[in-house]
Protein chains: 2
Amino acid sequence: MPAAERRELILGHASEVFGRRGYPGTTTEQIAQAAGISQPYVVRMFGTKEKLFVEVMERALGKLIVAFREVIRLRDSGEIPAGELGARLGQAYVDLIEDRGILMSLMQGFIQGHDDVIGRRARAGFLEIYRLLRDEAGIPADDVRSFLADGMLINTLLAIGMPDNFEGDEAATELMNLSFGAKLDAVLCVASEQSSRQA
Amino acid sequence: MPAAERRELILGHASEVFGRRGYPGTTTEQIAQAAGISQPYVVRMFGTKEKLFVEVMERALGKLIVAFREVIRLRDSGEIPAGELGARLGQAYVDLIEDRGILMSLMQGFIQGHDDVIGRRARAGFLEIYRLLRDEAGIPADDVRSFLADGMLINTLLAIGMPDNFEGDEAATELMNLSFGAKLDAVLCVASEQSSRQA
DNA sequence: GACATTAGTAATCAATCAATTACTCGAGCG
DNA sequence: CGCTCGAGTAATTGATTGATTACTAATGTC
């Protein structure tokens with residue numbers, strides 16, 4: 001397999017494992033197994049575990065930005081009404097759950113703020129999103145804050161494993177309905193897929 | 001020093017270190033150093049690192065619940081107007097930042113959802129807060145969701161280290177002003193204290 | 001004044017993990 | 001063929017880490 005392809009394959013699996021277990025909680029061996037290759041090859045391809053994680057974060061941030069920019073483009077070209085911008089951005093965010101590694105590995109980077117390298121990149125990334133929504137999308141600052149807050153709640157619910165473990169709990173069901181809206185079915189579908197893949 | 005007192009002292013320091021570095025990223029040695037005792041004693045007092053972390057989470061959750069219940073009591077006894085309940089609860093939450101370990105160790109537990117023991121406890125704790133606000137405080141479900149979202153954004157901003165590294169960044173300053181409100185000064189004060197303590 | 005009991009520590013161990021080294025295998029190619 | 005180069009692994013290593021063991025020093029107390 002050509003190196004570029006293998007690289008992207010590793011990044012995809014690393015994204016998932018890092019997203020689930022966090023940066024310090026993930027071993028390069030776990031990533032190697034997920035990608036179906038040997039541990040030394042993971043290290044060799046990215047230099048260090050830290051560099052791999054930073055690349056995973058950058059890839060996730062990139063996909064998030066692309067998704068948001070596409071919605072903004074649709075608004076600018078008049079394909080969607082300006083009043084719907086917020087709802088469409090929210091929809092774009094929730095859609096990203098389908099590749100859960102994207103949102104989760106980003107979140108895992110966010111809570112690694114104490115780390116010099118990862119923390120710096122995480123803060124820059126977070127502010128990049130903030131500016132994108134405020135300046136490029138033209139959303140009022142406090143609405144951006146509120147939008148980001150909703151996103152962080154979604155991230156937290158995913159990270160805490162709520163979709164995989166809410167079995168019949170009335171409060172959990174209600175909270176998830178309110179947080180994920182119409183996308184809830186898709187979220188649960190992904191959850192059951194991932195549970196079975198893990199087993 | 002009597003064991004009970006030492007225990008609480010260790011829990012306090014463990015809360016801070018776990019909150020900053022996360023569960024897998026923290027060593028029992030780091031906690032021992034912070035508490036000024038030997039590493040084996042930390043392990044002996046709590047059995048395992050995992051049990052210590054669960055106790056840290058439980059302690060943090062307990063303090064959060066006490067703070068919220070106090071606000072609800074003030075509303076019930078008429079000492080604060082019912083219309084101010086949400087604002088007062090928000091204030092109570094932001095006040096907790098002064099012991100940053102409380103919010104951060106809880107957050108570190110939330111993103112450990114994949115772990116059987118910690119994840120189960122984290123989910124139960126999160127739902128406990130949800131029910132407290134909805135049932136005991138009587139807040140409409142979607143307002144509770146929104147309140148929790150704001151809390152998760154605050155947690156994320158703290159975890160990402162924004163208060164310690166926003167130096168002159170216009171976007172970061174604006175976002176923090178919007179998120180922490182009047183409490184921003186106190187947040188930054190704690191931040192500088194912790195930075196100097198770390199050095 | 002022996003004797004527990006409590007509050008700790010020093011030394012060490014087994015396991016884990018990221019990283020390095022030294023290889024192997026196969027495809028292209030002159 | 002002989003030879004290199006890209007893709008990959010097996011074996012190993014040095015450092016870290018949670019946990020265990022075996023101790024010691026102080027504090028009552030009968």
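These figures come from a predicted structure and were not determined experimentally. In what follows, every heavy atom counts, from backbone to side chain, and hydrogens, waters and symmetry copies are set aside. Reminder, nothing fancy here: chain letters follow the sequence lines and each chain counts from 1.
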What pairs with E8(A) under salt bridge (Lys or Arg N to Asp or Glu O under 4.0 Å), at least two apart in sequence or on another chain? R59(A)

Considering only heavy atoms of chain A and a distance under 4.0 Å, specify the first and last nucleotide of DNA chain C in 5' to 3' order that meet this criterion. dC17(C) to dT20(C)

Given atom CD1 of I31(B) and atom P of dT17(D), what is their separation to the nearest angstrom? 12 Å

Just how far, in rounded Å, is P of dA26(D) from CE of M1(B)? 17 Å

Run I97(B) and F180(B) through side chain to side chain contact (heavy atoms under 4.5 Å, CB included) and show every step you take. CA-CA 10 Å; I97(B) 293 175; F180(B) 296 107; 3.6 Å; yes

Going from [atom1] on [X] to [atom2] on [Y], what distance comes out if it is rounded to the nearest 0.5 angstrom?
X       : Y       : atom1 : atom2 : value
M57(A)  : I102(A) : CE    : CD1   : 13.5 Å
M176(A) : L184(A) : CE    : CG    : 5.0 Å
S105(B) : L11(B)  : OG    : CG    : 10.0 Å
K63(B)  : S15(B)  : NZ    : OG    : 8.0 Å

Sorted by number, the residues of residues 45-56 of chain A with heavy-atom contact under 4.0 Å to DNA chain C: T48(A), K49(A)

Quick check on contacts: within residues 106-113 of chain A, what sits under 4.0 Å from DNA chain C by heavy-atom distance? none

Regarding Y130(A) and E174(B), is there a side-chain donor-to-acceptor distance under 3.5 Å anywhere? yes

Is there a donor-acceptor contact under 3.5 Å linking the side chains of E79(A) and S77(A)? yes

Answer yes or no on whether K49(B) is positioned over the face of F18(B), meaning its NZ or CZ is under 6.0 Å from the six-membered ring centre and within 45° of the axis. no

How far apart are the closest heavy atoms of I72(B) and E136(B), and which atoms are they? CG2-O, 4.0 Å

Of all heavy-atom pairs between L9(A) and A35(A), which one has the smallest distance, and what is that distance? CD2-O, 3.6 Å

Tell me, which pairs form a ring-ring contact (aromatic ring centres under 6.0 Å, His included) where one or both residues lie in residues 73-111 of chain B, sequence neighbours left out? F110(B)-F126(B)

Path from V17(B) to I118(B) over hydrophobic side-chain contacts below 4.5 Å: yes

What N/O pairs connect the protein and nucleotides 9-13 of chain D at under 3.5 Å? Give each pair on its own line.
| unit_1 | atom_1 | unit_2 | atom_2 | d |
| --- | --- | --- | --- | --- |
| dT9(D) | OP1 | S38(A) | N | 3.4 |
| dT9(D) | OP2 | S38(A) | N | 2.9 |
| dT9(D) | OP2 | S38(A) | OG | 2.5 |

